[in-house]
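Just so we're clear, the structure is a prediction, and the values are computed from it rather than from any experiment.
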Amino acid sequence: MCADHDVLHELLAGNERHLENLPTGYFSAVQDGQQPDAVSVCCSDSRVPQERMWGVDQPGTIFTPSNIGNQVWDEDDGELIVDGGILYPIAHTGTDVAAVVGHTGCGAVTAAYRAATDGELPGPQGVDKWVEQLVPVVEAGLESDLIDADADDETVINQLVEYNVNHQTQFLRAADDVPDDVDVYGFVYDFQGVYGDEKGRTYLININGETVPEVIAETVPDEYAGAIGSLLY
């Protein structure tokens, strides 16, 4: 244990700055409930700023669950079900948009890739559970014709990140608990310049199951053409 509690002091100082910058009435519209426009499930990686990536500065706009590997599911009695953090806003707050956001250089996908190819899990058990849930996704990706399995590890892993996002969106769209009128979008947050030169851009890779960039481009305004990308096509 850190005797001087430096990190605690930084957290407290950060909250003080937060308070000082809050405008009057900041929480007025959400005092009695929430109706977020979207639920955005991201990897819990500290380099992925969930609300900031969307330019959100108002509370109640984005429901923000996160976990290892931006997975939309959890296991219940041996069955994969939609994770409650994603399902809650859809079922109870009128949210009808879901975004699955992976990111370049994902450690969870990397760990699942290592487990799939070398049989080694990173540990401890609480981490291994989530990595093991990704292993079948990685294995399916490596067996598909979308992943260049002969490329260097960095390329393969980033392709698998995108493959995983597509797989997670497919699971959501097929789930009985998710109404058919819920739009499901897939993104990859690129802070490493893998998709392009603009680090910090979320690249749109999936709209309701459509993954071909040229087709996706027909759906969004021309001004966002630079936000469409893929490592698989």
Side-chain angles (χ1 to χ4, degrees), residues 39-50 53 64-87 98-175 177-178 184-195 202-203 205-206 209 211 229-233:
V39 52
S40 174
V41 56
C42 297
C43 184
S44 49
D45 193 295
S46 63
R47 300 167 293 181
V48 183
Q50 281 229 55
M53 74 167 68
T64 56
S66 61
N67 58 54
I68 295 172
N70 47 271
Q71 300 180 60
V72 303
W73 51 42
D74 199 355
E75 185 176 330
D76 182 58
D77 289 334
E79 178 184 2
L80 289 177
I81 60 172
V82 179
D83 183 86
I86 300 156
L87 198 56
V100 181
V101 187
H103 68 91
T104 54
C106 179
V109 172
T110 301
Y113 175 65
R114 301 294 182 217
T117 54
D118 300 332
E120 295 185 5
L121 290 166
Q125 184 178 355
V127 174
D128 287 348
K129 170 198 169 180
W130 290 94
V131 172
E132 286 180 314
Q133 289 177 173
L134 280 180
V135 170
V137 180
V138 166
E139 290 174 339
L142 293 174
E143 293 171 1
S144 75
D145 58 1
L146 295 173
I147 307 297
D148 183 4
D150 295 325
D152 60 273
D153 282 358
E154 180 180 351
T155 298
V156 171
I157 288 165
N158 281 320
Q159 288 181 329
L160 287 169
V161 165
E162 184 171 326
Y163 185 90
N164 177 49
V165 169
N166 287 332
H167 192 92
Q168 301 294 329
T169 60
Q170 181 182 3
F171 182 87
L172 266 189
R173 295 181 68 243
D177 288 331
V178 178
V184 182
Y185 306 133
F187 298 88
V188 175
Y189 183 73
D190 182 7
F191 61 86
Q192 297 174 322
V194 174
Y195 284 74
T202 52
Y203 285 88
I205 65 167
N206 192 309
T211 59
S230 176
L231 301 180
L232 303 182
Y233 293 90

Which atom pair, heavy atoms only, marks the closest approach of [X] to [Y]?
X: A116; Y: E139; value: CB-CG, 3.9 Å
X: Q50; Y: S66; value: NE2-CB, 3.4 Å
X: G229; Y: I205; value: O-CG2, 3.2 Å
X: Y113; Y: V138; value: CA-CG1, 3.9 Å
X: G105; Y: N158; value: N-OD1, 2.9 Å
X: G186; Y: V165; value: CA-CG1, 3.7 Å

### Task
Apply the test side-chain contact (heavy atoms from CB on, under 4.5 Å) to residues N206 and E162: give CA-CA distance (whole Å), side-chain angles for both, the deciding distance (0.1 Å), then the verdict.
CA-CA 9 Å; N206 192 309; E162 184 171 326; over 6 Å; no

Heavy-atom check, side chain of [X] versus side chain of [Y], under 4.5 Å:
X: P122; Y: D128; value: yes
X: P65; Y: V39; value: yes
X: V137; Y: Q71; value: no

### Task
Test side-chain contact (heavy atoms from CB on, under 4.5 Å) on V101 and C43 and set out the steps.
CA-CA 7 Å; V101 187; C43 184; over 6 Å; no

Return the [atom1] to [atom2] distance between [X] and [Y], rounded to the nearest 0.5 Å.
X: F171; Y: I86; atom1: CZ; atom2: CD1; result: 9.5 Å
X: L134; Y: W73; atom1: CG; atom2: CH2; result: 7.0 Å
X: I157; Y: T104; atom1: CD1; atom2: OG1; result: 11.5 Å
X: L160; Y: L142; atom1: CG; atom2: CG; result: 5.0 Å
X: I81; Y: D177; atom1: CD1; atom2: CG; result: 8.0 Å
X: L231; Y: I147; atom1: CG; atom2: CD1; result: 9.0 Å

### Query
Any idea how Y195 and Y203 line up, ring-wise: parallel (<30°), tilted (30 to 60°), or perpendicular (>60°)?
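Y195 vs Y203 ring planes: parallel.
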
### Task
Please state whether the rings of Y185 and F187 are parallel, tilted or perpendicular, taking 30° and 60° as the class boundaries.
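Correct class here is perpendicular.
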
### Query
Does the pair H103 and C42 meet the rule for a side-chain contact (heavy atoms from CB on, under 4.5 Å), with working shown?
CA-CA 8 Å; H103 68 91; C42 297; over 6 Å; no

### Query
Does N164 use its side chain to pair, donor to acceptor, with the backbone of G69 at less than 3.5 Å?
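Answer holds: yes.
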
### Query
Counting N and O atoms only, with roles assigned by atom type, does the side chain of Q159 sit under 3.5 Å from a partner on the main chain of D148, one being a donor and the other an acceptor?
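Here the side-chain-to-backbone pair exists.
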
#### Entry: Residue E75 excluded, over 12 heavy atoms near CD under 6.0 Å
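Buried by this count: over 12 neighbours within 6.0 Å.
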
### Task
Only one of V100, V184, T169, D83 passes side chain to side chain contact (heavy atoms under 4.5 Å, CB included) with V72; say which it is.
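That would be V100.
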
### Message
For a quick check under 3.5 Å, do N166 and Q170 share a side-chain donor-acceptor pair by atom type?
### Response
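Not at all, the side chains of N166 and Q170 share no donor-acceptor pair under 3.5 Å.
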
### Task
Starting from the C-alpha separation in whole Å, work towards a yes-or-no answer on side-chain contact (heavy atoms from CB on, under 4.5 Å) for L232 and T211.
CA-CA 9 Å; L232 303 182; T211 59; over 6 Å; no

